[in-house]
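A quick write-up on the structure given underneath.
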Amino acid sequence: MKTETRVVVIGGGVVGCSVLYHLARAGWTDIMLIERSELTSGSSWHAAGGFHTLNGDPNVAKLQAYTVGLYKELEEVSGQSCGLHLTGGFMVADSPERMDFLRYTHAKGRALGMDTELVSAAEAKAMFPMLDDSHFVGALWDPVEGHLDPSGTTHAYAKAARSLGAEIVLRNPVKEITQDPDGTWNVITEQGAVRCDHVVNAGGLWAREVGRMVGLELPLLAMEHMYLLTEDMPEVIAYNQETGREVCHIIDFKGEIYTRQERNGLLVGTYEKACKPWSPVNTPWDFGHELLEPDLERIIPSLEVGFRHFPALENAGIKQIINGPFTFAPDGNPLVGPVQGLTNFWSACAVMAGFSQGGGVGLALANWMTEGDPGFDIWGMDVARYGEWTTLKYTNAKVRENYSRRFSIRFPNEELPAARPHQTTPLYDIMTRENHAVMGDTWGLEVPLWFAPSAEAAHDVLSFHRSNDFEHVGNEVRAVRDSIGITEIANFAKYEVTGQGAEAFLSRLMTNTMPKTGRIVLTPMLNENGKLIGDFTIAKAAEDRFMIWGSSGAQIYHMRWFEQHLPKDGSVRIERFGQRMVGLSIAGPNARKVFEKLVTEDVSRTTFRFMDYREMDVASCPCRVNRITYTGDLGYEIWMEPCYERTVYLALKEAGAKFGIRDFGMRALLSMRLEKNFPTWGHELRPIYGPFEGSMDRFVKLEKNDFIGREAAAREYAEGPHLRRVSFLIDAATADVMADEPIWAKVGDTDHGTITPTHTSGVKRYVNGTVAPSTDKQRDGDWRVVGWVTSGGYAHGVQASMAQGYIPAQLAGEGADGLFEIEILGKRHPARIAIDPPFDPNGERMRG
Ligand SMILES: Cc1cc2nc3c(=O)[nH]c(=O)nc-3n(C[C@H](O)[C@H](O)[C@H](O)COP(=O)(O)OP(=O)(O)OC[C@H]3O[C@@H](n4cnc5c(N)ncnc54)[C@H](O)[C@@H]3O)c2cc1C
């Protein structure tokens, strides 16, 4: 074993081996993988080996498609078979709601260029004769599904990596990890110490323990998972003989069951409601190639549904029951990337579908390590999407919830209840008990979504269509537009940057010119490739002090970036406030009249102007105030320590009473930003788009000082963006867009270039063994899918269904009727581009 190397990958499961292979393929060959026991000694050896491309996040779906496409290459490079069976598969829906979900999934797939197809239950039965179609409404067919040999695949990655020069050391547990002051890591193993520049935690079942070696508590938990193998089934054999085909995969939502052929019988797995964590606090180091005791009782409710839905199963003998543990993050997606606060310590864990995702995880991580950027939008699996609030107990509750809902549909207005409330502000009791708020969870914090007229009415009726909140959210918006509303904005991210070098530091990071003292700017932040990695409001509080507000969910992601770029001389400090600072916003034409009652200073239109920042007492409480709001109306954001929030809130309510001040929630706020064409981080603005594609032109000052990403942004500007973010007004009567729906245009055969939501190189789509270009699902006569929706909903102020999305730039100027349609729940609706914001197009209201 060598004692010095560039990278040590800890863990020889499918994920560690994939990372090793991708690093070697990228040209980093002085690397080693250290495995405690033999390869596949964690979850990988007893996996059911299923793979598929569908994922709720289209960017993760794209990486899954890459993984599936990789297996042929892997077999060629390694000479080792992965045992691929590309059978295709169905998701079957037993209710109209589940069918809506399939329609939505299908529409999303269309935008991605996937070949999915909606079929009747009878058509599904023709391909899977053991199905009793009388229980089902319909199904979704995905040709890119199948299964493989988990052990063969893991060894194929390992062999391919070795053939490129990587070293693999087996039977050698890593015991301890330390770091020298110069950043060099020391990986202490049973066979001795290895010095290296980078450590990758691919410890799978032990990833939590490996994290603890460097003081990290990673939000992941292993769950027991069971699948059973039947004896030979005559129905399976007959199908094989009659058609010459293997039985395909099925996911049955109602039974929480997946099934596929295994030899001459079926493999049936469940994500049962009565799920069970395994080793919730510490994973035993002596756990090896072992299985857990099966517990049929837990999965009986699912099996009973299975017997009804697939009657042949009832008569099939059970040959074996496999019960094994594997790990999940709270949302079920992997934890990948550099860990904030540690240099060159990388996470590649919580990969719950290693055979669908392992390749994509390996590729993204290798890109990140070798080139400084994952090369894709991997936000959905970035380890930085979690923060200090994901404690052991929180993770336990959320992982159990996620596991038991693995095959449940999530409605667009559905908030998940586990581990809540977790973080609350001082207004929580007032909001819930007195104001009848329906609360949502943002980054672990309770946030008012909307306000019901009574306690009994304070809940969401789950639906893919407009629901019971529609009228009330509308009233909240109208209150703001007509007079004044108040909302809590504690969930925004807040930072303070101080020190002599603060302005130079921010000028280097941000695309906009920094403001003068007492003023505010809005500014995107780019990575080296000129892609959007942030969008902030920045106020200059004093010569060497700036306040920054951004997206709550991206706090760790942004802190990681800020810290990476802080000058080494200590001339700049950055503080993230988290919930040590909370905020309230008032907005509407009467907002100033209310605000001025609570302050002693002159806050008239010309003294406290639009985009001004001031520190002043509001209701006798020390506050920081922005003369700006996300509603696009005259208004204020008032920031304070939590101990003052109740006082300020009650004072604002009292002062606003005569104007009929009304509480409004996050849904009304998002509705109002829609009619102003304002983008949101994480939806419209993501690291796959350039600033001009994102229509952020006026916040990018190419001529100012050099800033990160400037060269690439200048290139994008000179060449003209390929895509453009636009807003649409849609003729939709009962349901609005959610996200990722396809945008159609009547463009005939005009070539608008290849578009997919992850329009990056290196990811190829794989269908039936070939790389497919675009699919015939993306065309219909003269109509073509030309783009995708990023978010939308109902804009109550202008009473219109709206969406934002990306389309080819050459179409973005068109506002003509009859050119665009947007697909909502399987039905296409006429849509028109709103070049100017439908509400207050000249911004007179917010300048107020
Ligand atoms: C019953 C069951 C069915 C499944 N079915 C599927 C399926 O159909 N499709 C699918 O995609 N996925 C499936 N999975 C999940 C799949 O197994 C995991 O996603 C995958 O194995 C995760 O791989 P990994 O490399 O992250 O972790 P692991 O396989 O757990 O590998 C981690 C490795 O790290 C090593 N290690 C840990 N700590 C140290 C240390 N300190 N020093 C040295 N080495 C260390 C371990 O020994 C282990 O070999 C299933 C899992 C189970 C249990």
Side-chain angles (χ1 to χ4, degrees), residues 55 57-63 66 111-112 333-340 346-347 360-361 363-386 493 508-512 522-536 550-565 679-697 699-700 707-717 721-725 739-740 755-763 787-791 804-806:
N55 185 291
D57 180 328
N59 294 292
V60 177
K62 207 72 192 168
L63 286 175
Y66 165 80
L112 270 172
N333 272 332
L335 298 171
V336 180
V339 174
Q340 187 236 335
W346 304 82
S347 172
V361 168
L363 175 67
L365 202 73
N367 283 346
W368 218 334
M369 294 174 71
T370 60
E371 290 169 19
D373 189 276
F376 313 94
D377 184 342
I378 68 140
W379 169 244
M381 52 185 197
D382 193 326
V383 61
R385 70 190 185 281
Y386 290 110
R508 170 95 183 108
L509 254 54
M510 306 293 166
T511 64
N512 206 346
L522 305 180
T523 177
M525 181 166 80
L526 306 180
N527 63 16
E528 302 284 357
N529 301 329
K531 300 293 183 197
L532 289 161
I533 56 166
D535 183 41
F536 301 100
S551 167
S552 70
Q555 291 186 41
I556 303 295
Y557 175 83
H558 286 141
M559 278 302 281
R560 185 173 65 193
W561 186 260
F562 293 151
E563 285 173 358
Q564 272 167 14
H565 294 89
T680 49
W681 171 253
H683 294 282
E684 285 71 43
L685 308 180
R686 291 186 70 130
I688 47 175
Y689 307 119
F692 300 102
E693 290 184 320
S695 301
M696 303 296 280
D697 311 28
F699 308 117
V700 184
F707 58 86
I708 294 172
R710 178 168 160 227
E711 217 174 287
R715 219 168 25 247
E716 187 196 336
Y717 182 74
H722 298 299
L723 303 171
R724 204 67 177 156
R725 171 177 66 87
D740 306 317
I755 50 149
T756 69
T758 49
H759 59 113
T760 46
S761 57
V763 177
W788 57 92
V789 168
T790 46
S791 72
Q804 291 192 26
Y806 281 84

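- Ring orientation note: the planes of Y689 and Y806 are close to parallel, at an angle under 30° on the 30°/60° scale.
- The main-chain N or O of F536 is never found under 3.5 Å from a side-chain atom of T523 such that the two would form a donor-acceptor pair.
- Scanning all heavy atoms of the two residues, the minimum distance from M525 to F562 falls at SD-CE2, 3.8 Å.
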Please evaluate residues F707 and M510 with respect to the criterion side chain to side chain contact (heavy atoms under 4.5 Å, CB included), reporting the C-alpha separation (whole Å), side-chain torsions for both, the decisive distance (0.1 Å), and the verdict. CA-CA 7 Å; F707 58 86; M510 306 293 166; over 6 Å; no
Kindly indicate, with the supporting measurements, whether the criterion side chain to side chain contact (heavy atoms under 4.5 Å, CB included) is fulfilled by N59 and F376. CA-CA 8 Å; N59 294 292; F376 313 94; over 6 Å; no
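- A donor-acceptor distance shorter than 3.5 angstrom exists from the side chain of T511 to the backbone of F699, with no hydrogens or angles considered.
- For the atom pair L532 CG and R686 CZ, the distance stands at 11.5 Å (nearest 0.5 Å).
- Residues D535 and E684 form no side-chain contact, since every pair of their non-hydrogen atoms from C-beta on lies 4.5 Å or further apart.
- Residues R385 and N333 are in side-chain contact: their nearest non-hydrogen atoms beyond the backbone lie under 4.5 Å apart.
- Taking CG of L63 as the start and CG of D377 as the end, the distance is 9.0 Å to the nearest 0.5 Å.
- Summarising the local packing, CD of E711 is surrounded by 12 or fewer heavy atoms from other residues, nucleotides or ligands at distances under 6.0 Å.
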Yes or no on side chain to side chain contact (heavy atoms under 4.5 Å, CB included) for L509 and H565, after CA distance, side-chain angles and deciding distance? CA-CA 8 Å; L509 254 54; H565 294 89; 3.8 Å; yes
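- In terms of modelled atom types and a separation under 3.5 Å, the side chain of H558 and the main chain of S552 share no donor-acceptor contact.
- In this structure the side chain of W368 reaches within 4.5 angstrom of the side chain of P338, judged on heavy atoms.
- Minimum interatomic distance between D57 and G380 (heavy atoms only, all atoms of both residues): OD2-CA, 3.5 Å.
- Listed for the T790 side chain is a donor-acceptor partner under 3.5 Å among the backbone atoms of Q804.
- Within a 6.0 Å radius of OH in Y717, no more than 12 heavy atoms belonging to other residues, nucleotides or ligands are found.
- Taking CD1 of I708 as the start and CG of N529 as the end, the distance is 11.5 Å to the nearest 0.5 Å.
- Here CH2 of W346 is found 6.0 Å from CG of L365. Values are rounded to the nearest 0.5 Å.
- For the pair Y557 and P687, the tightest heavy-atom approach, listed with the atom from each and the gap, is OH-CG, 3.4 Å.
- Here N367 contributes atom CG and I378 contributes atom CD1; the two are 10.0 Å apart, rounded to the nearest 0.5 Å.
- The heavy-atom pair separating W561 from E528 by the smallest distance is CH2-N, 4.4 Å.
- Annotation for L522 and N512: closest pair O-ND2, 2.8 Å, computed over non-hydrogen atoms.
- In this structure, CZ on R724 lies 9.0 Å from CD on E693, to the nearest 0.5 angstrom.
- Shortest non-hydrogen contact noted between L526 and A713 is CD1-CB, 3.8 Å.
- Side chains of V383 and R560 form a contact here, defined as non-hydrogen atoms less than 4.5 Å apart.
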